[in-house]
Amino acid sequence: MQKILVGLKRVVDYNVRVRVKSDGSGVETDGVKMSINPFDEIALEEALRIKESGQAAEVIVISVGTGDAQQQLRTGLAMGADRAILVESEGSVGSLGIARIFKSIIDRDSIDLVLLGKQAIDDDNSQTGQMLAAIWGRPQATFASQVEWNGDKAKVTREVDAGLEITEVDLPAVVTVDLRLNEPRYVKLPDIMKAKKKPLETIAMADLGVDPGPEIKELSFEPPAERERGVMVDDVAGLVAALKDKGLA
Amino acid sequence: MSKILIIAEHDGSILNSSTAKTVACAATIEGAEIDIAVLASTAGPVAAQAAELESVTRVLILERPENEQAIAAILAPQIAALAGGYSHIFGPSTTFGKDLMPHVAALLSVNQVSDIMAVESSHTFKRPIYAGSAVATVEAPGDSVVVGTVRIASYGAANGGNSAAIESADVSADLPSHTRILEVQSGVSDRPDLQTAAKVVAGGRALGSEEGFDLIYRLADKLAAGVGASRAAVDAGYVPNEMQIGQTGKIIAPDLYIAIGISGAIQHITGIKDAGTIVAINKDEEAPIFEIADIGLVSDLFNTLPELIEAL
Ligand SMILES: Cc1cc2nc3c(=O)[nH]c(=O)nc-3n(C[C@H](O)[C@H](O)[C@H](O)COP(=O)(O)OP(=O)(O)OC[C@H]3O[C@@H](n4cnc5c(N)ncnc54)[C@H](O)[C@@H]3O)c2cc1C
Ligand SMILES: Nc1ncnc2c1ncn2[C@@H]1O[C@H](COP(=O)(O)O)[C@@H](O)[C@H]1O
């Protein structure tokens, strides 16, 4: 295997309590901490481990978004990626468009393996990897919690509702990763310095000539239905009484 | 009028309840005419169950040996070939549907509406984003097919009692051989299924060990409840992954949910918000879980649970 492509999406950090703007036009992102999508960090860690084990030559990180996504790509380079690609888009691009962009880079750079997160924690779409596999005509292994690379095949343990499923795929393939796959490394200061010298290529989305397809429009946003804070009981007897009261025990 | 195709989830013999919930969602679209597609190596038993669901017009059988297991790259081309004439194609937002439906959407050159929690009109839907911290109203384009997954915790199962027509569908599609399922490990238990149980008891990091989790099982047995866990408890190896509840685990809506030694992180809460009654037992009175609990008890679980198990 030669080249691994890893998607890094810039998202609101998972620790931030996201709030809907009072006019319902979106969620508050001003001054909010932004990070690499946590699943994508795990995808990158996996790619780096494959490379470190001598099974890949190059790890390339890619992000589609505004110029700000450079920060996340630089973090990816500091973690150990060899080079980065920023595909600069004006508005937000739907998953189909992202998958088509990835496909055009796969063709251009002869990518052998794509590692993505199983979902982006902002849109919670969970569809980009599956779409890419469809467009590329290559296998998909979603929700991976363990991966064994064996030359031209991979054995992937997938977390599914019923338990675990072990799937074998021929490479090239798309693998989307779950949280338990690995624990991403921390970046050290010298790595951040080194990352500044690594190549970061910027491409305008328009220059790729990719048709994003029909977009799903976001009309409005609202906070979720609130649950009221209930009653506190003092002891087990109080708890049992409260449950009996509701016919639940 | 909306012509809706629903992809059945099943294990070869039993129709998963997620399908009946997907039908319930589709039936809220005005003037919906609903077909269910059963892709299987032997579809008979599952098709018969699908035909019983209220609001279903036809059950279409796509039978071939390759459909023995649910591999997205094998099922999706057949579904795409069947798609002509349908305005909507829906599947459940379970790991089956999440794996399959985006593949179908891409073959049909559309984006997918993920996790539909409410239907506003034939092309307008509500769906949760940011781990349920916000609800977006989205509109799919009117001139292309709508491919969507249904957030099953938002819907009750469609009733039975119907007897829809069962027909064979003939589609031609080239199927790849690049993906093979080697093994399925499912923690078969005789406890109620987490996703359909009326009562669920869940434990968190505080249980401290696999043995500690025994208290949770004992309480669940007393209540005839299903058992779940926080991600921290799964990561620590106290329980297997299929028991995880939350943004990246299962989304559930039981009548009663009891969270024990779970702090109540947003990623966990999003999986239980639709529960009827939420009970929390935690020794920290500041734990965020109490903000949404209907009944809260501040106490040490190791003292409380034996007493509670005894009292029930
Ligand atoms: C992208 C992403 C996705 C995630 N998805 C999920 C998900 O799907 N599901 C999920 O659950 N988490 C998820 N998480 C993790 C989540 O953020 C929390 O870390 C996790 O839910 C914490 O689990 P916990 O409540 O068991 O542990 P903790 O947060 O450590 O809480 C333990 C609680 O136990 C209490 N306690 C300790 N000892 C006792 C005792 N003796 N008696 C009573 N109470 C006691 C403590 O007061 C504390 O409140 C996700 C995180 C990320 C970043
Ligand atoms: N704008 C983006 N830039 C880079 N990677 C992305 C982008 N959008 C999605 N991805 C990748 O696709 C995965 C799934 O995203 P989604 O389908 O939006 O839930 C993410 O975890 C990323 O790896």
Side-chain angles (χ1 to χ4, degrees), chain A residues 12 17-18 20 27 94-96 99 121-127 130-131 133-135 138-140 142-143 145 155 159-170 178-180 213-224 227 229-233 236-237 239-240 242-243 246 248-249, chain B residues 72-73 76 94-95 98-99 102-103 105-107 109-115 124 128-141 144 178-187 223 235 240-242 248 250 255-256 266 273 277 291-298 304 307-308 311-312:
Chain A
V12 172
R17 273 207 174 200
V18 172
V20 176
V27 301
S95 303
L96 183 65
I121 61 163
D122 49 3
D123 59 38
D124 281 332
N125 267 335
S126 195
Q127 50 179 271
Q130 297 88 312
M131 290 186 155
I135 295 167
R138 294 304 311 165
Q140 74 186 37
T142 49
F143 327 137
S145 64
K155 206 166 115 185
E159 292 198 349
V160 294
D161 289 339
L164 296 173
E165 186 182 282
I166 300 168
T167 300
E168 184 181 65
V169 295
D170 297 338
D178 216 318
L179 293 171
R180 272 179 282 277
E215 295 282 8
I216 290 168
K217 260 193 251 159
E218 296 187 310
L219 302 180
S220 63
F221 301 82
E222 63 198 283
R227 286 190 77 107
R229 183 187 266 271
V231 297
M232 298 301 283
V233 293
V236 167
L239 176 55
V240 172
L243 285 174
K246 288 179 181 270
L248 292 166
Chain B
T94 54
T95 52
K98 285 182 186 175
D99 185 52
H103 200 112
L107 293 178
S109 292
V110 294
N111 279 292
Q112 170 182 282
V113 183
S114 302
D115 303 320
T124 313
I129 54 174
Y130 289 95
S133 299
V135 174
T137 302
V138 301
E139 185 185 26
S144 41
H178 53 43
T179 306
R180 299 162 291 275
I181 297 180
L182 303 180
E183 196 187 328
V184 181
Q185 301 171 351
S186 58
L223 292 164
D235 282 358
N241 67 285
E242 64 264 28
T248 49
K250 288 178 178 154
D255 299 332
L256 173 65
I266 173 90
K273 264 205 277 217
T277 298
E291 287 167 31
I292 61 144
D294 300 287
I295 306 171
L297 174 57
V298 179
T304 301
E307 207 185 317
L308 180 58
L312 285 170

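Below, chains carry the letters A, B, ... as their sequence lines are ordered, and counting in each starts from 1.
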Q: Mark yes or no for whether Q127(A), through its side chain, and Q112(B), through its backbone, hold a donor-acceptor pair below 3.5 Å.
A: yes
Q.
What part of A99(A) gets within 4.5 angstrom of chain B, counting heavy atoms only: side chain, backbone, both, or neither?
A. neither
**Q.** Distance-minimising heavy-atom pair for G163(A) and E242(B)
**A.** CA-OE1, 3.3 Å
Q | Contact origin within S144(B) toward chain A - heavy atom pairs under 4.5 Å | A | side chain
Q: Decide yes or no for L164(A) and E183(B): does some side-chain heavy atom of the first lie under 4.5 Å from some side-chain heavy atom of the second?
A: no
Q | Which atom of V20(A) lies closest to which atom of S133(B), heavy atoms considered | A | CG2-O, 4.2 Å
Q) Thinking salt bridges, do D294(B) and K246(A) make one under a 4.0 Å N-O criterion? A) no
**Q.** Which atom of A242(A) lies closest to which atom of I295(B), heavy atoms considered
**A.** CB-CD1, 3.7 Å
Q. Would you call L243(A) and L256(B) a side-chain contact if the rule is heavy atoms closer than 4.5 Å?
A. yes
Q.
If I measure from the heavy atoms of chain B, does V18(A) come under 4.5 Å with its side chain, its backbone, both, or neither?
A. both
Q) Among T248(B), L308(B), T124(B), V298(B), who wins on heavy-atom pairs under 4.5 Å with chain A? A) T248(B)
Q) Do R227(A) side-chain atoms and K273(B) backbone N/O form a donor-acceptor pair below 3.5 Å? A) yes
Q) Does the side chain of R180(B) reach to within under 4.5 Å of the side chain of T167(A), using non-hydrogen atoms? A) no
Q: Let me see the working for L182(B) and K155(A) under side chain to side chain contact (heavy atoms under 4.5 Å, CB included), right down to the final yes or no.
A: CA-CA 9 Å; L182(B) 303 180; K155(A) 206 166 115 185; 3.8 Å; yes
Q) Quick one: OG1 on T142(A) to NZ on K98(B), what's the gap to the nearest 0.5 Å? A) 10.0 Å
Q) So L248(A) and T277(B), side chain to side chain contact (heavy atoms under 4.5 Å, CB included) or not? Walk me through it. A) CA-CA 9 Å; L248(A) 292 166; T277(B) 298; 3.5 Å; yes
Q | Short side-chain to backbone donor-acceptor contact, T95(B) and V160(A), under 3.5 Å | A | no
Q: Could you check which of A293(B), G296(B), A131(B) has the highest count of heavy-atom pairs closer than 4.5 Å to chain A?
A: G296(B)
Q: Against chain B, work out which of G94(A), G213(A), P224(A), A237(A) has the most heavy-atom pairs shorter than 4.5 Å and name it.
A: P224(A)
Q.
For M232(A) versus L297(B), what's the shortest heavy-atom pair and its separation?
A. CE-N, 4.3 Å
(Q) Contact between Y130(B) and V27(A) at the side-chain level, heavy atoms closer than 4.5 Å - yes or no? (A) yes
Q: Using only heavy-atom distances, determine whether the side chains of E218(A) and T137(B) contain a donor-acceptor pair under 3.5 Å.
A: no
Q) Are side-chain heavy atoms of F143(A) and D99(B) found at a separation under 4.5 Å? A) yes
Q) Got N241(B) and R180(A) here, is their nearest side-chain heavy-atom distance under 4.5 Å? A) yes
Q.
Quick check against the 3.5 Å criterion: does N111(B) have a side-chain atom that pairs as donor or acceptor with the backbone of P214(A)?
A. yes
(Q) Would the distance check show the side chain of D124(A) and the main-chain N or O of I129(B) forming a donor-acceptor pair, the cut-off being under 3.5 Å? (A) no
Q.
Between L312(B) and chain A, with a heavy-atom cut-off of 4.5 Å, which part of the residue counts as in contact: side chain, backbone, both or neither?
A. side chain
Q | Interface moiety of A134(B) toward chain A, non-hydrogen atoms closer than 4.5 Å | A | both
Q. Are any non-hydrogen side-chain atoms of H103(B) and M131(A) less than 4.5 angstrom apart?
A. no
(Q) Among Q185(B), H178(B), E291(B), which residue has the highest count of heavy-atom pairs closer than 4.5 Å to chain A? (A) H178(B)
Q: Specify which of E215(A), E159(A), R138(A) makes the most heavy-atom pairs with chain B at under 4.5 Å.
A: E159(A)
Q: Give the minimum heavy-atom separation between V236(A) and A311(B), together with the two atoms involved.
A: CG1-CB, 4.2 Å
(Q) So K217(A) and V138(B), do their side chains get closer than 4.5 Å, heavy atoms only? (A) no
Q) If you measure from CD1 on I135(A) to CG on L107(B), what distance do you get to the nearest 0.5 Å? A) 8.5 Å
**Q.** Nearest atoms (heavy-atom pairs only) where K250(B) meets D161(A)
**A.** NZ-O, 2.6 Å
